[in-house]
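Every number for a ligand or one of its atoms is a count from 1 in the order of the listing. Given the structure is predicted, the values throughout are model-derived calculations rather than measurements. Quick note: residue numbers are just sequence positions, from 1.
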Amino acid sequence: MSAPLLEVRDLKMHFPVKSGFFSRTKARNFAVDGVNLSINPGETLGLVGESGCGKSTLGRCISRLYQPTAGEILFKDANLAGMSHRQLLPYRQNIQMIFQDPMESLNARHTVGEILEEPFLIHGIGNAQTRRQSVSKLLDTVGLPGRSASRYPFEFSGGQRQRIGIARAIALKPELIICDEPVSALDVSIQSQILNLLMELQKEFNLAYLFIAHDLAVVKHISDRVAIMYLGKIVEQASSNEIYHRPFHPYTQSLISAIPIPDPHHSATRILLKGDVPSPISPPPGCAFHTRCPKASESCQRDVPILKTVAPEHIAACHFAEAP
Ligand code: SF4
């Protein structure tokens with residue numbers, strides 16, 4: 001197997017929570033708290049969890065929109081975690097992001113042509129003529145007509161805007177794209193078009209994706225492997241097929257039980273969790289999931305479960321997840 005393209009080691013993002021007249025740090029938000037993961041070239045790792053579990057923060061740390069508190073982000077063996085903005089510039093070409101709401105990430109006052117030309121200008125690539133050609137090729141690649149270049153983002157539908165966001169992300173031929181809930185705001189029929197486009201581009205350009213979503217059904221469609229995140233930590237990780245058919249962690253089991261089954265003769269029992277995700281400012285002691293876990297015992301309130309191998313290439317953090 002080839003060396004990982006990306007390796008994240010013990011990554012932490014602890015935001016200070018400030019209050020009072022002097023804006024003193026009163027507490028810490030443990031948004032990402034010791035995450036390890038890797039992504040191979042051309043692979044898709046799905047990252048799933050409820051809102052507020054830290055998955056988008058993790059994506060933003062990896063793309064270095066945030067400066068992580070601790071840990072390593074090894075991209076082709078260079079550690080991006082401690083790099084300055086200047087040192088990061090050559091790597092920014094190689095790691096791009098696609099956001100949930102393209103309207104927020106696309107400059108509304110610029111035409112699509114200007115938006116797509118911008119990455120080339122920032123990195124000093126080509127001249128006016130070659131940049132125009134690149135923009136027209138990008139529009140064609142994502143299935144938009146060439147005349148889109150002279151129009152503004154507000155003139156497009158949500159799905160078309162996401163295509164513009166994808167075109168911008170692939171402009172500099174990156175090797176890794178962080179897809180942060182790229183289809184969550186779209187209609188179901190448009191979702192599958194965007195997912196298919198992402199999969200076609202992956203094949204064509206050997207792209208690796210970190211695909212962030214709260215919906216396991218969406219992630220299943222596109223991922224080779226899936227990592228489940230809860231309150232700043234990865235609690236289970238395995239191949240896509242394995243995790244859907246043999247989830248070990250009670251949290252993963254509850255997420256999978258919520259996926260609708262398109263078969264009227266098959267009824268699945270939904271595992272409903274109590275309450276909401278606790279605050280990452282004061283995570284529960286022991287297993288952070290114990291306040292909602294249907295299988296929690298007394299020891300779960302005290303002892304922190306560590307990620308252990310429960311099957312080949314399958315890890316889970318639960319005291320009672322045992323290898324068969
Ligand atoms: Fe549930 Fe305990 Fe396992 Fe945590 S360690 S997931 S609380 S059974």
### Task
Tell me, please, which residues at least two apart from R92 pass salt bridge (Lys or Arg N to Asp or Glu O under 4.0 Å).
none

### Query
Are E242 and R225 within salt-bridge range, i.e. N to O under 4.0 Å?
no

#### Entry: Under 3.5 Å: donor-acceptor pair, side chain of H319, backbone of D303
yes

### Query
Checking side-chain hydrogen bond (donor to acceptor under 3.5 Å, both in side chains) against H314, which of Q237, R246, K308, E236 comes through?
E236

### Task
Answer with yes or no after comparing the ring centroid distance for Y66 and F15 against a 6.0 Å cut-off, counting only values under it.
yes

### Query
Which protein N, O or S atoms does atom 4 (Fe) of ligand 1 have within a distance shorter than 2.8 Å?
C287 SG

### Query
What class does the angle between the rings of F289 and Y230 fall in, given that below 30° is parallel, 30 to 60° is tilted and above 60° is perpendicular?
perpendicular

